[in-house]
Amino acid sequence: NYRTIASPKARGIAGMSMGGYGALRLGLKYPELFGVISAVAPSITEKLSDEPEIRTGETFFGDQDYFEATGPWGIVKSNTAAILKANPAIRILGGSLDGLDTVIKKFNQLLNELGIRYEFIEVEGVGHNYTDILGKRPVEPYLFWEIEFRKVISST
């Protein structure tokens with residue numbers, strides 16, 4: 001048993017690359033559980049064919065419709081009302097030299113169109129590297145977490 005604050009705003013989920021995909025997938029699917037979501041260089045491709053089959057074959061079985069429906073793109077569209085109601089703090093970080101930069105920007109555009117509040121930071125001159133993305137950010141990388149969780153602590 002662990003002492004926790006029983007509030008979604010006190011629960012966060014984060015990940016990098018495929019972990020960023022997972023953080024967005026779970027955080028957006030269950031916004032009533034996770035009040036803080038952070039994805040660093042999330043691998044959120046739109047097409048299953050953009051991912052190597054060795055990484056996706058046993059999960060999506062070559063089914064593009066299933067890939068779309070169960071991934072961040074489909075979830076954010078189908079779960080917009082719940083996301084807007086829960087209003088989680090969402091942060092997406094990426095590198096300007098990352099091969100995923102175009103798709104990440106497109107996902108950000110979708111969030112904008114849906115009216116979902118989020119923060120996007122693109123770190124210039126950085127590729128798909130967690131240490132570089134966090135280390136070369138203009139603002140201390142963990143300040144996001146401190147700010148969001150301090151809100152919870154101050155309200156309890």
Side-chain angles (χ1 to χ4, degrees), residues 2 4-123 126-134 137 141-142 144-145 147-149 151-152:
Y2 297 96
T4 64
I5 299 170
S7 164
K9 294 292 182 191
R11 256 181 248 118
I13 188 166
M16 194 276 181
S17 194
M18 284 308 289
Y21 169 97
L24 289 172
R25 180 184 183 279
L26 293 172
L28 297 171
K29 185 172 182 177
Y30 303 107
E32 72 283 359
L33 294 178
F34 298 102
V36 186
I37 304 165
S38 178
V40 179
S43 183
I44 51 173
T45 57
E46 289 183 271
K47 297 179 189 153
L48 184 56
S49 60
D50 290 341
E51 290 287 344
E53 187 177 339
I54 192 159
R55 282 195 290 215
T56 62
E58 292 184 25
T59 304
F60 301 106
F61 309 102
D63 186 338
Q64 177 66 32
D65 292 336
Y66 180 66
F67 178 74
E68 287 177 22
T70 61
W73 291 88
I75 290 170
V76 76
K77 291 174 190 172
S78 66
N79 207 25
T80 302
I83 296 165
L84 290 171
K85 180 179 179 186
N87 194 27
I90 302 169
R91 176 183 71 170
I92 301 173
L93 300 172
S96 66
L97 303 178
D98 189 339
L100 295 166
D101 66 322
T102 302
V103 73
I104 292 170
K105 287 177 183 173
K106 191 172 178 184
F107 187 75
N108 290 330
Q109 182 180 352
L110 175 62
L111 294 176
N112 274 329
E113 290 168 5
L114 296 172
I116 295 171
R117 179 182 67 93
Y118 71 98
E119 173 185 13
F120 171 62
I121 298 168
E122 182 177 62
V123 182
V126 172
H128 195 75
N129 184 289
Y130 182 82
T131 304
D132 287 347
I133 291 171
L134 290 185
R137 253 193 87 202
Y142 302 105
F144 168 77
W145 294 101
I147 290 168
E148 294 305 321
F149 289 139
K151 291 176 190 175
V152 176

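For the numbers below, each heavy atom of this structure counts, side chains included, while hydrogens, waters and symmetry mates do not.
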Can you find a pair of side-chain heavy atoms, one from [X] and one from [Y], that are under 4.5 Å apart?
X: Val123; Y: Asp132; value: no
X: Thr102; Y: Lys105; value: no
X: Leu111; Y: Ile92; value: yes
X: Asp63; Y: Leu48; value: no
X: Leu134; Y: Tyr142; value: yes
X: Leu100; Y: Pro42; value: no
X: Val126; Y: Asp98; value: no
X: Ile13; Y: Tyr30; value: no

More than 12 heavy atoms of other residues, nucleotides or ligands under 6.0 Å from CZ of Phe60: yes or no? yes

Please evaluate residues Phe144 and Val36 with respect to the criterion side-chain contact (heavy atoms from CB on, under 4.5 Å), reporting the C-alpha separation (whole Å), side-chain torsions for both, the decisive distance (0.1 Å), and the verdict. CA-CA 9 Å; Phe144 168 77; Val36 186; 3.5 Å; yes

Closest non-hydrogen atom pair between [X] and [Y], with its separation:
X: Lys47; Y: Phe67; result: C-CE2, 3.7 Å
X: Leu24; Y: Ala39; result: CG-CB, 3.7 Å
X: Val76; Y: Phe107; result: CG1-CE1, 4.1 Å
X: Lys9; Y: Val152; result: O-CG2, 3.0 Å
X: Gly12; Y: Phe149; result: N-CZ, 3.9 Å
X: Pro31; Y: Pro8; result: O-CB, 4.5 Å

Say whether, by atom type as modelled, one donor and one acceptor occur between the side chain of [X] and the main chain of [Y] under 3.5 angstrom.
X: Tyr118; Y: Asn108; value: yes
X: Trp73; Y: Ile44; value: yes
X: Asn79; Y: Leu28; value: yes

Rounded distance (nearest 0.5 Å) linking atom [atom1] of [X] with atom [atom2] of [Y]:
X: Glu68; Y: Ile75; atom1: CD; atom2: CD1; answer: 12.0 Å
X: Asp65; Y: Thr70; atom1: CG; atom2: OG1; answer: 10.5 Å
X: Tyr130; Y: Met16; atom1: OH; atom2: CE; answer: 9.0 Å
X: Ile133; Y: Ile121; atom1: CD1; atom2: CD1; answer: 11.0 Å
X: Glu122; Y: Leu93; atom1: CD; atom2: CG; answer: 11.0 Å
X: Ser78; Y: Lys29; atom1: OG; atom2: NZ; answer: 8.5 Å

Salt bridge check: are Lys106 and Glu46 linked by an N-O gap of less than 4.0 Å?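 Yes.
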
